Novice: 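Encoded as structure tokens, here's the structure I'll be asking about.
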Amino acid sequence: MKKTFGGPALVLDRADINTDEIIPAKYLTEVTKEALRPYCLEDLKLEGFDAKGEKLRNARVVITRENFGCGSSREHAPWVFEVNEIHTVIAESYARIFRQNMFNCGMLAIELPRPDIDALIALELESNGSIDVEVHLQEQKVVARGNGRDVSCGFEISPFDKALVEAGGWVEYADARY
Amino acid sequence: MGQTTAEKIFAAHLRDEPFPGTMVLDLDRVLCHEITTPVAIADLEWRGKDRVFDSSRIKAVIDHVTPSKDSKTALQAKILRDWARRHAIKDFFDVGRNGVCHALFPEKGYIRPGFTAIMGDSHTCTHGAFGAFAAGVGTTDLEVGILKGVCAFREPKTIRVNLSGKLRPGVYAKDVILFVIGELGVNGATDRVIEFHGPVVEAMSMDARMTLCNMAIEAGGTCGICQPDQVTVDYLWPFIESEFSSRQAALEEYRQWCADADADYDRTLDYDVTGLSPQVTFGYKPDCVKPVGELAGTRIDQVYIGTCTNGRIEDLRQAAAVLKGRRIADSLRGIVSPATPKIFQEALSEGLIQIFMDAGFCVTNPTCGACLGMSNGVLAEGEACASTSNRNFNGRMGKGGMVHLMSPATAAATAVTGVITDARTL
Ligand code: SF4
């Protein structure tokens, strides 16, 4: 199924956030995605972050730093975002498996250079933690709104990743083709 | 222009190139375990596509939590077991015959030079030790692999790591790979294959090469690859005997997968490891590495020897050599998990199990167990574990626990004294 993108953003200003932090291994005994919902980012080591807080509950976009999603191959990491309606992650860079898992689920793992991430994070700070991100997939552009001003950043996405998002994921894509 | 090992394997398995740089490969192996496969099975059922592309190329094992510890893990095991039966997957390993996936599958001879393999497990990179391309994937890739026998990858770029010199006694493949990760950083090899070359690798056994390749992912690498050679052929010989007229013939065939001399690398790194000391990690990332001397004296509550990194027979021999005639400190617990039933039996017949038990170790059945903090030795808040595994993330072996990664010899020496210890000083 095709996903919707964009919405209120949560900033996680740290590099190397790993899959154990996104969804701890003890929840891997669940056999449905839905059951993961309450445990999103439960073990995240980040000052001031509250895994049970309002901020995470309202978020539809995550903005973060380098090497996001490193560690295990568990697709439970994108799934825990998916069931919390976070379909867009914007980071400086990703671990390969996490990034592929996002696109395989028909979700967006957008990569932006550090100055753009800096600008988005600065806008979030200036807006007291409340910014809204619009994703324009066709134009390959994100626009963040907060504190009465916009920050707009273009992004690159490979044609294959775009095709996966448009197909609704890798199963749909592969099924139609192979 | 010559090709790297990964480029050769990609070219030989290319099914489709839907866009430039995106390569859909045919798979020789789709490997499954009970944590990541059940959701794929459920999704295939839900889509009305409960089929497998080729039951002989799919191998499955229950290894992460086994025997099941509660109703949820019992259900995961049951879903995998029922599915394997339903599709006549004959290489399915249940309680009593099961072991840690990345030790068990190579030991059964399932991985050959030039193969492509995926598994819903990040340490699938281990199998590259055979000169194969093996990558960890998520459940959706696994699901498509099961159904269609294909997986998509970006065109591979390769980092070549030349390891020259000679390891000193008491320094092992684990120390080498921890050092290399310290150099590369946790994302230094993202979207890259790491190809290991040089006399140090050539002198390594398959067990040691698997330790080396196992941790490629800790630098972000897609796969670690060693060049197939006589050591590879000798290891595989019992399984390939009927396919080749001689070992020499097998070697010639497998050599086609070796990188060309003029292959194009993304980066080439040269390390002389002659002076290398045993390495230990200190933080919550596997690139936080120091020589053991700098961490000596750090208090430890539990020692864990096992896993897909260092639970093989050579690892147990190295640890037992340190433990022989000694007892572990009263202040800590020692746990050893031989990675497969075959390794367990070899350890029994060589008297290693006796040494571990005399020293005061708890010997568990083959399983991942404490490695990912799901069973058999979860840490309490504030505790520290000296572990031969591959990941030291915050909470990895239990919420609030600290993990120090090290070789089996260093772990054994640490068990004896109760604090991080260089085995060469005992
Ligand atoms: S032993 Fe640890 S790292 Fe290896 S497969 Fe099992 S859980 Fe993963």
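Chain letters run A, B, ... following the sequence lines, proteins first, then strands; residues in each count from 1. These numbers were taken from a predicted model, which means no experiment stands behind them.
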Novice: Taking every heavy-atom pair that is under 4.5 Å apart, which of A:E66, A:E75, A:E21 has the most such pairs with chain B?
Specialist: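 Top option by heavy-atom pairs under 4.5 Å: A:E75.
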Novice: Does the pair A:D16/B:K285 count as a salt bridge with the N-to-O cut at 4.0 Å?
Specialist: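 Looking at B:K285 together with A:D16, the answer is yes, because their closest N to O distance falls below 4.0 Å.
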Novice: Can you tell me if A:Y27 and A:E42 form a side-chain donor-acceptor pair at under 3.5 Å?
Specialist: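 A pair is found: one side chain offers a donor N or O, the other an acceptor, under 3.5 Å apart.
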Novice: Heavy-atom distance under 4.5 Å to chain B: side chain of A:L28, backbone, both or neither?
Specialist: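 For A:L28, the contact with chain B is made by backbone and side chain together.
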Novice: At what distance, to the nearest 0.5 angstrom, does CZ of A:R177 lie from CH2 of A:W170?
Specialist: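 The distance works out to 8.5 Å.
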Novice: I'd like to verify something: which residue of B:R15, B:E34, B:R47 has the highest number of heavy-atom pairs under 4.5 Å with chain A?
Specialist: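 Result: the option with the highest number of such pairs is B:R47.
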Novice: What part of B:V24 gets closer than 4.5 Å to chain A, counting heavy atoms only: side chain, backbone, both or neither?
Specialist: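 Side chain only.
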Novice: Centroid separation under 6.0 Å, is that true for the rings of A:F160 and A:Y173?
Specialist: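 Centroid distance A:Y173-A:F160: below 6.0 Å, so yes.
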Novice: Does any backbone or side-chain atom of B:C151 lie under 4.5 Å from a heavy atom of chain A? Answer side chain, backbone, both or neither.
Specialist: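 Contact with chain A: backbone only.
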Novice: Salt-bridged, A:E47 to A:R14, with N to O below 4.0 Å?
Specialist: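 Answer for the salt bridge query: no.
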Novice: Which answer fits A:N104, side chain, backbone, both or neither, if we ask what part of it has an atom under 4.5 Å from a heavy atom of chain B?
Specialist: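 Both the backbone and the side chain of A:N104 come within 4.5 Å of chain B.
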Novice: Is the shortest distance from a Lys or Arg side-chain nitrogen in B:K157 or B:D191 to a carboxylate oxygen in the other one below 4.0 Å?
Specialist: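 B:D191 and B:K157: not salt-bridged.
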Novice: So if I apply the side chain to side chain contact (heavy atoms under 4.5 Å, CB included) rule between B:F153 and each of B:I118, B:T22, B:T116, which one comes out positive?
Specialist: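 Passing option: B:I118.
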Novice: For residues B:E218 and B:H123, is any side-chain donor paired with an opposing acceptor at under 3.5 Å?
Specialist: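 Note: B:E218 and B:H123 side chains meet the donor-acceptor criterion.
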Novice: For B:N214 and B:T309, does a side-chain donor sit closer than 3.5 Å to a side-chain acceptor?
Specialist: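 On atom types as modelled, these side chains qualify, holding a pair under 3.5 Å.
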Novice: Sort out for me which residue in B:V100, B:V65, B:T66 forms a side chain to side chain contact (heavy atoms under 4.5 Å, CB included) with B:C368.
Specialist: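 Only match with B:C368 under side chain to side chain contact (heavy atoms under 4.5 Å, CB included): B:V100.
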Novice: Between B:R154, B:K49, B:M119, which shows the greatest number of heavy-atom pairs under 4.5 Å with chain A?
Specialist: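 If we count pairs closer than 4.5 Å to chain A, B:R154 comes out on top.
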Novice: Non-hydrogen atoms of chain A under 4.5 Å away: do they reach the side chain of B:I41, the backbone, both or neither?
Specialist: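 Interface part for B:I41: neither.
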Novice: Where on A:Q100 is there a heavy atom nearer than 4.5 Å to chain B: the side chain, the backbone, both, or neither?
Specialist: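 Just its side chain gets close to chain B.
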Novice: I would like to know whether A:R65 and A:D118 meet salt bridge (charged side-chain N to carboxylate O under 4.0 Å, His left out); could you show each step before the answer?
Specialist: CA-CA 9 Å; A:R65 294 290 184 180; A:D118 286 343; 2.8 Å; yes
Novice: Below 4.5 Å from any heavy atom of chain A, which atoms of B:T139 appear? Answer side chain, backbone, both or neither.
Specialist: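 The answer is both parts of B:T139.
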Novice: Select one option (side chain, backbone, both, neither) describing which atoms of B:R396 are under 4.5 Å from chain A's heavy atoms.
Specialist: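 Its backbone and side chain both get close to chain A.
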Novice: Give, as side chain, backbone, both or neither, the part of B:L372 having an atom under 4.5 angstrom from any heavy atom of chain A.
Specialist: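 Both the backbone and the side chain of B:L372 come within 4.5 Å of chain A.
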Novice: Where does A:N101 contact chain B at under 4.5 Å (heavy atoms): side chain, backbone, both or neither?
Specialist: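 Interface part for A:N101: side chain.
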Novice: Report which part of B:P38 has an atom under 4.5 Å of a heavy atom belonging to chain A: side chain, backbone, both, or neither.
Specialist: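 For B:P38, the contact with chain A is made by the side chain alone.
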Novice: For the candidates B:T124, B:V137, B:T36, which exhibits the highest count of non-hydrogen atom pairs separated by less than 4.5 Å from chain A?
Specialist: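 So the answer, after comparing B:T124, B:V137, B:T36, is B:V137.
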Novice: If I measure from the heavy atoms of chain A, does B:L75 come under 4.5 Å with its side chain, its backbone, both, or neither?
Specialist: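 Only the side chain of B:L75 comes within 4.5 Å of chain A.
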Novice: Other residues, nucleotides and ligands only: do more than 12 of their heavy atoms fall within 6.0 Å of NZ on B:K78?
Specialist: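 No - once you tally the heavy atoms of other residues, nucleotides and ligands closer than 6.0 Å, there are 12 at most.
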Novice: Using non-hydrogen atoms and a 4.5 Å limit, figure out which bit of B:L142 sits close to chain A: side chain, backbone, both or neither.
Specialist: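 The answer is neither part of B:L142.
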Novice: In terms of heavy-atom proximity below 4.5 Å to chain B, should A:F98 be classed as side chain, backbone, both, or neither?
Specialist: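 Neither part; nothing is under 4.5 Å.
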Novice: Checking A:T29 against B:Q76: is there a side-chain donor and acceptor pair closer than 3.5 Å?
Specialist: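 The answer is no; no qualifying pair exists.
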Novice: Chain B: which of A:S93, A:A25, A:P78, A:A15 shares the most heavy-atom pairs with it under 4.5 Å?
Specialist: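 The option with the most such pairs is A:A25.
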Novice: Under 4.5 Å heavy-atom distance to chain B, tell me which part of A:P159 shows up: side chain, backbone, both or neither.
Specialist: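 For A:P159, the contact with chain B is made by backbone and side chain together.
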Novice: Counting heavy-atom pairs under 4.5 Å with chain B, which one of A:D161, A:T19, A:D20 comes out on top?
Specialist: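 Option with the top pair count is A:D20.
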Novice: Hey, which of B:I217, B:T73, B:D16, B:V150 has the most heavy atom pairs under 4.5 Å with chain A?
Specialist: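 If we count pairs closer than 4.5 Å to chain A, B:D16 comes out on top.
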Novice: In terms of heavy-atom proximity below 4.5 Å to chain B, should A:A163 be classed as side chain, backbone, both, or neither?
Specialist: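 Side chain of A:A163 only, per the 4.5 Å heavy-atom cut-off to chain B.
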Novice: Could you have a look at B:A152, B:A42, B:P20 and say which one has the most heavy-atom pairs with chain A under 4.5 angstrom?
Specialist: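 Of B:A152, B:A42, B:P20, B:A152 has the most heavy-atom pairs under 4.5 Å with chain A.
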Novice: Return yes if a side-chain donor-acceptor contact under 3.5 Å exists between B:T190 and B:N187, otherwise no.
Specialist: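 No.
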Novice: Which bit of A:D175 comes within less than 4.5 Å of chain B, counting heavy atoms only: side chain, backbone, both or neither?
Specialist: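 Both the backbone and the side chain of A:D175 come within 4.5 Å of chain B.
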Novice: Do you know which of B:G395, B:G220, B:P18 has the most heavy-atom pairs with chain A at a distance under 4.5 angstrom?
Specialist: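 Ranked by contacts with chain A, first place is B:P18.
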Novice: Determine whether the side chains of A:S73 and B:D121 contain a donor N or O and an acceptor N or O closer than 3.5 Å.
Specialist: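 Result is no, nothing qualifies.
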